[in-house]
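Computed from heavy atoms alone, side chains included, the values below leave out hydrogens, waters and symmetry copies. Each chain gets a letter, A, B and so on, in the order its sequence line appears, and its residues count up from 1.
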Amino acid sequence: MPGDPAAAPAPLPPPPPPSAAAGPAWRLLGTSREQLCLEFTLPTGQSFRWRRTGGGEFTGVVGRRVFQLRQDGGGGGDVAWRVIGRARGEDEARDEEALAEYLNLGVDLAALYAEWAAADARFAKVAPLIPGARMMRQDPVECLFQFICSQNNHISRIHGMVERLCSTYGTPLPLIDAGGGDVAEAAARAEQQQQQQQPAWEVGRKRSLSEVEAAACATAGGPGGGGPLAPEPEGDGGSGSGGDEAPGTPRGAAAAPPPSGDAPPPRRGRKGARAGGAAAERDAPSSSSGSSGGAGGETTAPEPFAAGAAAAAAAAAAAAGAAHFAFPTLDQLSAATEEELRALGFGYRSKFITGAAAALRARPGGGDAWLRALRGATAAEAAAALEELPGVGPKVAACVALFSLDKHDAIPVDTHVWQLATKYYARHLAGKSLTKKLHPEVAAAFVARFGERAGWAHSVLFISNLRQSQALMAGAGD
DNA sequence: CGTGGACCTGGTCTC
DNA sequence: AGTCGCAGGTCCACT
């Protein structure tokens, strides 16, 4: 534990007023921009659970808490945070501890940057443009399934898939100050909104905003003030068409993807699937899967069947940005069927998700514990163990190892990293094609250069490469 | 053992 | 309004 990383000299003024007027008070994390830059940490592909919610603010779920983070644009770049949602049973007093662990705040990132810059001239050149790119420490289960979704896929779509996974199978997280605090109510309200077909949560997604803020983060000079890009004035309230439906009826099945053109249409939505196909065995009420053990304990009944009903409303709520969900547990995930996931748009990854969930649950001691135990294993052992799971190859295994299992020297070798490697750090591999056997070799090259936290260093280079390829670094001098 | 395809889908780049 | 052997891979079938 390298002491307090930040060492911000002056106690910064209270954080700027966030977009949302009301809500819990904001608190400062006590970090500097060099220790933690949200722009280079949250939306760079480590996790797909963070969204921009306007004006430089990020909203995301950590464990069973909904956090909002924002970076002080002017001064030292301290990060303001607050919790706007929390599962019952989670202690408010441990909010900050949970966030600090998730953000790996015990690691002195500025010191590492200095080491890496000394070891590599190329790093020294690009790093100043990308300060505070920090590795997070995610929950292994959450991380694993996110990256199973990531294969051969667009980042934007991965976000949507992860969102649907959570809203369909995960536990809703009640908002604090949500007026009444009843999730069902919020979900119902959201469902009404959802009928207006308005993807409010897309506000601020991608767009050049990221570029603006990236610049702001890198220069620390001009906060730019890209404007709080106000969402469409839909407002929330609106048409109180008083629930025309019983809360229990998952009319939200409409949220399912539209029928594809040619392929054998997988019915639609969870409900359609049941009603359409096996009318005979429909509703054979959870007889088999009902007793999934007392794990859940939530009042929302994580049972498969109930999940369907709750899921629709939940998905609607999520679509309207009105609710947040914990990432589904393995038990909750086990309620998913391949057919259902396909209807939710997971494509051929559906069988990987159900397969991996089943394989994990079959592990002695439970999949969650099995995964966590890999934190004590070597990088090679962890990778080998992860690759036993369906849908997990070397790249996904490395992502999970680096982003959730403390394997700080793991290098996820994708097409971008392969380019970096053959160009700068493992030139002898140039011309070859990336085979499974070459992954360790590429990783070794990065470790040889950057040391035991090569995975962290790789992230900086990766981001730099992305930015460059997107011509976002234009004018940054070259 | 290394290589070539197939694989769901939809955002992005072009007619 | 269409298109892409695409897109931060993996699995499977062959040579």
I want to check one thing: is the phosphate of B:dG10, taken as OP1 and OP2, less than 4.0 Å away from some side-chain N or O of A:S156? no

Is a side-chain donor or acceptor of A:D406 paired with a backbone partner of A:L402 at a separation under 3.5 angstrom? no

Once you apply a heavy-atom cut-off of 4.0 Å, does A:V417 come out as touching a base, just sugar-phosphate, or nothing? nothing

Whom does B:dC15 pair with, Watson-Crick or G-U wobble, provided both distances fall under 3.5 Å? none

Say whether, by atom type as modelled, one donor and one acceptor occur between the side chain of A:K407 and the main chain of A:A377 under 3.5 angstrom. yes

C:dC4 to B:dA6 separation - C1' atoms, rounded to the nearest Å: 15 Å

Is the ring pair A:W116/A:Y113 parallel, tilted or perpendicular, if the boundaries are 30 and 60 degrees? tilted

Within residues 377-392 of chain A: residues closer than 4.0 Å to DNA chain C (heavy atoms): A:L389, A:P390, A:G391, A:V392

Is there a donor and acceptor pair, one atom on the side chain of A:R349 and one on the base of B:dC7, closer than 3.5 Å? no

Span that lies between the P atom of B:dT14 and that of C:dA7, in whole angstrom: 13 Å

Base, sugar-phosphate or nothing for A:K436? Non-hydrogen atoms, less than 4.0 Å. nothing

Ring-plane angle category for A:F446 and A:Y425, please: parallel below 30°, perpendicular beyond 60°, tilted otherwise. tilted

Could you check whether A:S433 gets within reach of a base, just the sugar-phosphate, or nothing at all, counting any heavy atom under 4.0 Å? sugar-phosphate

Just to be sure I understand the rule, does A:P412 reach a base, reach only the sugar-phosphate, or reach nothing, if contact means heavy atoms closer than 4.0 Å? nothing

Where does the angle between the aromatic ring planes of A:H416 and A:F462 fall among parallel (under 30°), tilted (30 to 60°) and perpendicular (over 60°)? perpendicular

Please determine whether a side-chain nitrogen or oxygen atom of A:R342 lies at a distance below 4.0 Å from atom OP1 or OP2 of B:dC8. yes

Under 4.0 Å between a Lys/Arg side-chain N and an Asp/Glu carboxylate O for A:E339 and A:K351? no

Which base sits across from C:dG8 as a Watson-Crick or G-U pair, both distances under 3.5 Å? none

Which part of the nucleic acid, if any, lies within contact of A:I155, taking any heavy atom under 4.0 Å across all strands shown: a base, the sugar-phosphate backbone alone, or nothing? base

Hey, is A:K395 close enough to A:E387 for a salt bridge, meaning N to O under 4.0 Å? no

When both hydrogen-bonding distances must be under 3.5 Å and the geometry is Watson-Crick or G-U wobble, what is C:dT15 paired with, if anything? none

Can you pull the contact range of chain A along DNA chain C, 5' to 3', using atoms under 4.0 angstrom from its heavy atoms? C:dC6 to C:dC11

CA sep, side-chain torsions, deciding dist, call: A:E101, A:R137, salt bridge (Lys or Arg N to Asp or Glu O under 4.0 Å): CA-CA 7 Å; A:E101 180 189 334; A:R137 189 179 199 242; 2.8 Å; yes

If the threshold is 4.0 Å, N to carboxylate O, is there a salt bridge linking A:D120 and A:K125? no

